[in-house]
Every structure is written in structure tokens, then in C-alpha cells.
Number of protein chains: 2
Amino acid sequence: MGNKNISMAVIRRLPKYYRYLADLLSKDVQRISSKELSEIIGFTASQIRQDLNNFGGFGQQGYGYNVEALHKEIGKILGLDRKYRAILIGAGNLGQALTNYTGFRLAGFETIAVFDANPKMIGLKIRDFEIMDSDNVEEFVRENDVDIAIVCIPKNGAQLVADKLVRAGIKGIWNFAPIDLEVPSDIIVENVNLTESLFTLSYLMKENLEG
Amino acid sequence: MGNKNISMAVIRRLPKYYRYLADLLSKDVQRISSKELSEIIGFTASQIRQDLNNFGGFGQQGYGYNVEALHKEIGKILGLDRKYRAILIGAGNLGQALTNYTGFRLAGFETIAVFDANPKMIGLKIRDFEIMDSDNVEEFVRENDVDIAIVCIPKNGAQLVADKLVRAGIKGIWNFAPIDLEVPSDIIVENVNLTESLFTLSYLMKENLEG
DNA sequence: TAGATTGTTAATCGATTAACAATC
DNA sequence: TAGATTGTTAATCGATTAACAATC
């Protein structure tokens with residue numbers, strides 16, 4: 001049962017709800033009204049109620065929301081109760097950082113292999129992973145149950161790797177290459193584009209300095 | 001002369017225009033119409049014309065846009081012709097990756113110092129930088145001309161560091177800590193929240209699998 | 001019960017798209 | 001000139017906010 005059309009604007013607010021609810025939970029806050037939450041999270045109370053009601057009536061009139069229950073519900077909505085098997089492609093600086101990134105496991109993602117195209121890297125170890133040859137990634141995805149690929153390679157090779165992954169049956173890509181990958185519409189791509197973020201910062205800095 | 005109110009939606013599309021125009025330029029394409037650009041970038045032609053006209057009339061009726069000129073103009077709008085002096089705080093995996101990230105210099109950002117709180121890290125070298133003690137960051141910002149700080153530390157210490165930076169007169173923060181920093185409204189904060197990105201991917205994967 | 005706060009409908013606002021006169 | 005395409009105004013669409021009846 002996929003949900004009726006939830007807009008990306010709503011979806012991208014969900015992790016924020018989850019995070020603020022976890023904070024409240026760690027402070028032993030039992031319940032919270034949309035008004036109180038609005039004050040700490042910075043969305044309007046109205047928006048909070050609208051957002052949550054896309055997924056169900058989690059609150060109670062006159063009471064508000066139970067923090068623990070809501071936190072758990074949003075976790076479920078985000079799919080954090082699931083396990084996804086991931087491979088990482090591109091064991092450069094960023095790739096290594098992500099391999100060691102613990103938030104990854106907390107979200108239910110488990111890295112099962114690491115690949116690189118550089119012969120000097122192949123065979124070296126990152127955490128428990130012996131770096132494998134990128135040439136074998138298609139075969140590996142075919143023969144193992146891989147849900148997502150984390151793509152951390154320069155933009156030149158990225159589309160080619162994406163094509164391989166798609167052929168091998170990958171379901172999602174967490175893409176750090178500064179390029180818009182072209183994939184069939186049933187493959188999920190979530191981009192983290194540091195260049196775009198940096199350019200945005202540059203723009204805002206410039207505007208701010210000029211007044 | 002700051003621009004009339006440009007929405008964030010428009011601003012976040014600018015880096016994409018810049019990137020696609022660079023691609024066209026590298027393919028020696030001289031001119032392009034909003035319709036042609038729309039086909040490769042995936043925005044509507046109407047939106048492209050609206051977006052660009054926020055900043056000036058860069059096109060010519062009956063002709064379209066000169067690729068090189070437009071690319072250059074957007075670079076200027078993004079402030080890529082400027083120099084910003086940056087420090088990096090938190091020399092862990094991600095911090096090291098960013099220190100070595102070349103796109104950074106291409107955008108006009110120059111790293112001038114690297115800090116870490118871990119005594120075992122202090123004194124070690126990353127690229128040309130001897131890692132300095134985070135305790136000295138406030139003093140350093142005060143005494144040197146620092147425009148932005150790249151914050152790559154765990155969320156616990158992040159607000160405290162941000163407070164120090166603000167006191168010392170920082171103008172912008174590129175924030176990788178998974179927390180919403182509270183800073184005065186004249187300080188620019190650009191967030192890169194890997195956890196939120198990952199949770200979004202998890203949500204979309206789940207929805208996709210469930211149909 | 002009275003007070004509080006949700007869930008939900010209606011109103012507003014802003015962003016996107018369509019249309020077309022201006023003009024190269 | 002005729003054709004193409006912009007710049008810009010108007011129309012549409014979608015997202016946010018306001019309002020309030022339902023109800024705990």
C-alpha cells in the first residue's frame with residue numbers, strides 16, 4: 001500500500017520531524033502539541049498537522065501527540081525499520097568517509113562490498129572490506145542481493161557505472177557524483193551534490209555582503 | 001545592489017544551469033534556446049526564461065542565448081568570480097575528504113586552516129595544513145580574515161562551535177553536522193545533511209518496493 | 001464539564017506554466 | 001521581410017496558512 005501522492009516537500013520534512021522527536025525523547029518529553037513542536041522545529045503548527053495527517057491521525061484532540069509513538073510511526077514511514085543492502089563504488093576520500101559513516105547503519109543500510117577502479121586501491125582494506133575491482137560490480141550485483149549503490153566517483157565515469165548497476169538490477173542509488181544520472185523511472189536516485197550546495201553558499205554569501 | 005527577492009527555488013536551480021552550460025561549452029555549442037535547454041536540463045522552457053529574467057535579459061529574440069556569455073553571467077551571479085577564505089573544523093573522514101575536494105577551489109573558496117578537537121589529531125598534517133586545536137578557532141577567526149567555516153564535527157559540539165564562530169565574526173557556515181544551527185539572521189548557513197538525504201532515500205525505496 | 005488541540009476544509013499565497021506581443 | 005524566440009503578463013496549479021467544527 002503505497003501512499004497517495006505525497007509531495008517531495010512533505011517527504012523532505014519527515015527526517016526533520018524524526019530528528020526533533022528523537023531529541024524530545026532523549027529529554028524525556030512525553031507529549032507535544034503541534035504548537036509547541038512548531039516553536040522548536042520552525043514550521044507552522046498548521047503545516048505540522050497537515051504533514052502528519054498525510055500518513056494518519058497520530059494525535060489526539062485536546063492532548064497533542066505522544067512523542068514516543070509519533071517518533072516510532074515516522075521511523076516506520078521512513079522505512080527505518082527495514083534492512084537495505086548497499087555497495088559503495090569509489091573508495092576515495094569521500095567514499096571512505098561514507099564507509100565509516102555510522103548513521104548509515106542506524107538507518108538500516110548495511111554495506112556489503114566496496115569497489116574502486118584504481119588498481120592501486122584494489123585489494124586494500126577499508127574497515128572490513130577488501131576493495132574490489134569496479135569491473136566486477138555488475139556481476140556482483142547480479143549474484144548478490146544488493147538494494148542500493150553509493151556512487152562516489154568522479155562525474156566522468158558515473159553514468160557508465162549507473163548503466164551497469166541498472167542492468168544488474170539495482171533498486172536505488174545514493175549519488176554523490178556531480179551529475180544527473182539517467183536511469184529508468186523505477187530506479188530511485190537520491191543526489192547529494194556538494195558543488196551545488198557550495199555554489200548556493202557562494203551566492204548567498206555574495207548577496208549578503210552586497211546587502 | 002542585492003537582487004529583489006529571488007526565491008530559494010530559483011537560487012538552487014542556478015548551479016544546475018551553470019553546470020549544463022559548462023557541458024554545452026565543452027561541446028563547443030555556441031547558442032541555445034530555452035526550448036533546447038529545457039530538453040536537456042528538464043525544466044520547462046518557460047521556467048528557464050522566468051528564472052534567467054530575474055537577473056537580466058540575457059537572451060535575444062529570435063536567437064536564444066549565447067552559451068558562453070550566459071555561463072559567465074551565471075558564474076558572476078553565483079559569486080564564483082570572488083574569493084572566500086575558509087577554515088575547516090573537524091578533520092575526521094568527511095573533513096579530510098572535503099579538505100582534498102578540488103571543487104572547493106574551483107568555486108573560489110580557499111582553505112587557510114584546519115582544526116580538530118582530538119589531541120591525537122592536532123599537529124598532524126592534511127595536505128599542507130597542520131591540524132590546529134579547536135580551542136583556538138575563535139582567536140584564529142578574530143585575527144585572520146575568515147569568511148566561512150566548514151563544520152564537520154558530530155552534532156553534540158556543533159552548536160558550541162557555531163557560537164564561537166559567530167562571536168568571532170564568521171560570515172557563513174557550510175554545515176555538515178546533522179543539526180539546525182542557531183545563528184543570527186545575517187550569518188549564512190548552508191546545510192548538507194547526509195542523514196536527511198539517507199532517510200529520504202529510505203522512504204523512496206520503501207514506497208517503490210511497496211508499489 | 002470546560003479547555004485544549006486535533007483533523008480537515010477553505011482561503012491565501014507563491015511558484016510554475018501558458019500565452020503572446022515585442023523584437024531580433 | 002518572415003521566422004524564431006525572447007521577455008513578460010496572465011492563468012493555473014500546488015503548497016502553505018488560517019479557521020473552525022469535532023472530540024478528547
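In what follows, every chain begins at residue 1, and chains take the letters A, B, ... in the order their sequences are listed.
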Determine which nucleotide pairs with C:dC24, using a 3.5 Å limit on both distances of a Watson-Crick or G-U wobble pair.
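The base-pairing partner of C:dC24, which may sit in any strand shown, is D:dG3.
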Report the base-pairing partner of C:dA18 (Watson-Crick or G-U wobble, both distances below 3.5 angstrom), or none.
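C:dA18 is paired with D:dT9.
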Between B:Arg49 and B:Ser34, do the side chains contain an N or O donor and an N or O acceptor separated by less than 3.5 Å?
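On atom types as modelled, these side chains qualify, holding a pair under 3.5 Å.
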A:Arg167/A:Glu138 salt bridge by N-O under 4.0 Å criterion
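A salt bridge links A:Glu138 with A:Arg167.
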A:Lys16 with B:Asp180: basic N within carboxylate O range, under 4.0 Å:
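Counted as a salt bridge, because a side-chain N and a carboxylate O are separated by less than 4.0 Å.
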For [X] and [N], what is the distance between atoms [atom1] and [atom2] respectively, to the nearest whole Å?
{"X": "B:Glu39", "N": "D:dT5", "atom1": "CD", "atom2": "P", "answer": "11 Å"}
{"X": "B:Ile32", "N": "D:dA4", "atom1": "CD1", "atom2": "P", "answer": "17 Å"}
{"X": "A:Ile48", "N": "C:dT8", "atom1": "CD1", "atom2": "P", "answer": "17 Å"}
{"X": "B:Phe58", "N": "D:dG7", "atom1": "CZ", "atom2": "P", "answer": "9 Å"}
{"X": "B:Ile11", "N": "C:dA15", "atom1": "CD1", "atom2": "P", "answer": "11 Å"}
{"X": "B:Leu70", "N": "D:dT6", "atom1": "CG", "atom2": "C1'", "answer": "13 Å"}
{"X": "B:Asn53", "N": "D:dT8", "atom1": "CG", "atom2": "C1'", "answer": "7 Å"}
{"X": "B:Arg31", "N": "C:dC24", "atom1": "CZ", "atom2": "P", "answer": "16 Å"}

Is any side-chain heavy atom of A:Leu194 less than 4.5 Å from a side-chain heavy atom of B:Trp174?
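In contact.
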Counting primed atoms plus P, OP1 and OP2 as sugar-phosphate and everything else as base, spell out the protein contacts along nucleotides 16-23 of chain C at 4.0 Å heavy-atom distance: B, S or - for each nucleotide, 5' to 3'.
SBBBB-BB
Counting only side-chain nitrogens and oxygens, does A:Tyr65 get under 4.0 Å of the OP1 or OP2 atom of D:dC24?
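Negative; the distance criterion is not met.
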Would one find a side-chain N or O of B:Ser34 under 4.0 angstrom from OP1 or OP2 of D:dT6?
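Answer yes for this pair, as a side-chain N or O of B:Ser34 is under 4.0 Å from OP1 or OP2.
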Between A:Tyr101 and B:Asn93, does a side-chain hydrogen bond (donor to acceptor under 3.5 Å, both in side chains) hold up when you go through it step by step?
CA-CA 9 Å; A:Tyr101 173 51; B:Asn93 282 303; over 6 Å; no
Testing B:Lys35, B:Arg31, B:Glu36 for side chain to side chain donor-acceptor pair (under 3.5 Å) with B:Ser33, which one passes?
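For B:Ser33, the side chain to side chain donor-acceptor pair (under 3.5 Å) test succeeds with only one of B:Lys35, B:Arg31, B:Glu36, which is B:Glu36.
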Roughly how far apart are A:Ile77 CD1 and A:Leu52 CG, rounded to 0.5 Å?
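It comes to 7.5 Å.
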